[in-house]
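A quick write-up on the structure given underneath.
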Amino acid sequence: MRKHETRRWLAGLAVVGACVVASAAPAPAAPASPDASPDVAAVAGFTTSANDVTLAPGGPGKTVILRLVGEKLQDSYVITVDVSAIDAFAEVRGPLDPFCTRAGTVLTCKAYQEDAPDLLSLSIHPRAGAQVGREGRIRFTATTTGSGTSTAASTVLVGEAVDLVAGPAVKVTGGPGARVPVGLSVGNQGRETARGAVLLVSAMYGLTPSQRYRNCRYGSKGGLNHFTPNLFVCTFDDEIAPGRVFRVGGGFGVTVPGDVSAPNTQTGTATWFTPQDWADQQPRYTLDQQGTGEVLRLEQVGTRLPVGGSRAAQTDVRPTDNDTAIELTVTGNQRADLAADEVRITARVGETVPVTIGYTNRGPASSSNGGRDFYTIVKMTVPKGVTAVKAPRNCLDADIQDEEGGRPGARAYLCYQYDVIRKGGKVALPFSFRIDRAGALTGRTELLYGPTTTTDLDPRNDTAKILVNAGSGGQGGDDGTLPITGSPTVLVAGVGGVLLLAGVGSYLAARRRRSRFVA
């Protein structure tokens, strides 16, 4: 990639990185939780899903999104939306011509090769006089020219209006290995007693929970993006009367990992939900581990007021004030040394050989753990006289910056890796090279960092050679295999899947989208 192109990529990613550092709030589109029960149906080759929403009489509208699960559609499609079951109590506002047409309670939309996972976005608003307890389903049918048909449904419920509000922003300080208390609170500024509350925390590597409580569930795969590996949700049965405030008790806090980069800033977000609103949101998250420790409790600040008697489902009418920003200032001086791995290949002309490209973390700090240590990019230049016939999905053609990854035949690749790599850990990107020409052929692996001011402990080992000694009389190994040295084929960081998620995924998807529908 030309120097100005590299700078443009890094600048774009740095902007996204700054946004994530400023707020680690959840982002849309993620794998569904295995213990959740989203309304999903798959027919003839592809799957769609739609989220549920709960409205309040006289409250704000909510968004229902029909999402594609898995690979993008390769052909044109038509989506029909039947809203007849909710038309009496909710108004559906969808995209207008030329993409969508409406006939009574049926909306029909057309598009072609949708790159984004969000196929259709609808805004749902309660009608005047909508009564608590009304419920119905929006039914979606997506039909393609070649991939078959998929159906999904979204439940729309009218619930009782409440208004939870999160406590003020939290700023804490600690060095690697320190245990730091985090003071979170929630209040009720509405007119109805809130029956129960749910706390969701999504945070960077440095904000690792100190305990695993039995009324909390934790995500082994992290949050909705690669920059928030800490994700957990805790449920509370307490009734919060109007005007009352509760704080999270029991010495709740985080432990700063001993290998976090320092000095640094790590951020997270604590979000409060009503139990019903969390039920609507839960399918977006993977929370596969149950805590086994003591019960995390809420402690009331002030005197408890008499509780209400309503049993209806409740929804928050002002969710924009339900977040508490958490900021950890990591003290100390600790960084990582990432070393690009040299690769040596011996093969005959015309042969195709597996090759792993990557790097090793020599410590002492882990890498890609957020804040100032944001991300690592592997730039691999293919040796002249060699063709990359197979590339990982998280590697982009360096000269075609807005396409899908894994494209064979590129001159050079940019490979993205965001998972935390601890001391001794390796990243190995699985390529396959075809040897097209005899002679000594040389390529290069180079490590790039972002934000652009980021460097590791020893920049001298950030570049390594890819050496191909290809001759017409070349020999393989004694066992018939080809001797290849370099990174092991096990991809410790889990690369090889699509890692263009969160900030970078949004940056790329915004450039790729052709026809996403938004109400």
Side-chain angles (χ1 to χ4, degrees), residues 1-14 115 338-359 375-418 427-450 452 459 461-472 474 482 484-487 489 491 495-500 504-505 507-509 511-512:
M1 174 178 283
R2 301 172 181 86
K3 290 184 178 180
H4 73 277
E5 292 173 332
T6 301
R7 287 196 297 270
R8 185 174 66 182
W9 264 98
L10 293 176
L13 300 180
D115 290 340
L338 303 187
D341 294 332
E342 183 177 274
V343 176
R344 294 176 177 268
I345 304 167
T346 301
R348 298 181 181 91
V349 173
E351 287 188 288
T352 297
V353 296
V355 180
T356 54
I357 305 296
Y359 60 87
Y375 54 79
T376 302
I377 301 170
V378 179
K379 181 182 179 183
M380 191 273 285
T381 303
V382 181
K384 291 183 178 180
V386 170
T387 300
V389 297
K390 180 181 178 182
R393 291 291 302 276
N394 58 309
C395 293
L396 294 181
D397 185 325
D399 294 317
I400 309 176
Q401 301 174 23
D402 58 351
E403 59 149 287
E404 295 293 334
R407 180 185 179 95
R411 175 190 61 85
Y413 290 88
L414 291 176
C415 303
Y416 301 87
Q417 192 290 122
Y418 301 105
V427 167
L429 304 164
F431 285 84
S432 289
F433 285 176
R434 186 185 68 228
I435 312 304
D436 299 326
R437 193 176 72 195
L441 313 176
T442 304
R444 187 172 70 167
T445 298
E446 181 181 1
L447 304 184
L448 308 174
Y449 305 102
T452 53
N461 58 24
D462 289 352
T463 301
K465 293 181 179 180
I466 303 170
L467 301 173
V468 181
N469 296 319
S472 57
L482 298 171
I484 302 173
T485 64
S487 302
T489 56
L491 182 51
V495 294
V498 180
L499 297 185
L500 299 177
V504 169
Y507 175 72
L508 295 178
R511 300 180 62 188
R512 292 199 309 266

Taking the side chain as C-beta and beyond, is there a heavy-atom pair between [X] and [Y] under 4.5 Å?
X	Y	value
Val382	Phe431	no
Val378	Tyr359	yes
Val386	Ile435	yes
Leu441	Ile345	no
Leu447	Ile377	no
Leu429	Met380	no
Asp341	Thr445	no

Roughly how far apart are [X] [atom1] and [Y] [atom2], rounded to 0.5 Å?
X	Y	atom1	atom2	result
Thr352	Lys390	OG1	NZ	11.5 Å
Ile357	Tyr413	CD1	OH	11.0 Å
Leu448	Tyr416	CG	OH	9.0 Å

Note to self: Apply side-chain contact (heavy atoms from CB on, under 4.5 Å) to residues Leu467 and Thr442 and explain how you reach the verdict.
What the structure shows: CA-CA 5 Å; Leu467 301 173; Thr442 304; 3.9 Å; yes

Where is the tightest heavy-atom contact between [X] and [Y], given as atom of each residue plus distance?
X	Y	answer
Ile400	Arg407	CD1-NE, 4.0 Å
Leu338	Thr376	CD1-OG1, 3.7 Å
Lys465	Glu342	O-CG, 3.3 Å
Gln417	Val427	CG-CG2, 3.9 Å

Margin query: Going by side-chain hydrogen bond (donor to acceptor under 3.5 Å, both in side chains), name the residues that satisfy it together with Thr387, two or more places apart in sequence or in a different chain.
Written below: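 For Thr387, the residues satisfying side-chain hydrogen bond (donor to acceptor under 3.5 Å, both in side chains) (neighbours in sequence not counted) are Arg434, Asp436.
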
Note to self: For Phe433, give me all partners under ring-ring contact (aromatic ring centres under 6.0 Å, His included), at least two apart in sequence or on another chain.
What the structure shows: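 Once residues adjacent in sequence are excluded, Phe433 has no partner under the ring-ring contact (aromatic ring centres under 6.0 Å, His included) criterion.
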
Notebook entry, point to check: Of all residues at least two apart in sequence or in a different chain, which pass the side-chain contact (heavy atoms from CB on, under 4.5 Å) check with Pro408?
Noted result: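 Pro408 satisfies side-chain contact (heavy atoms from CB on, under 4.5 Å) with no residue once adjacent residues are dropped.
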
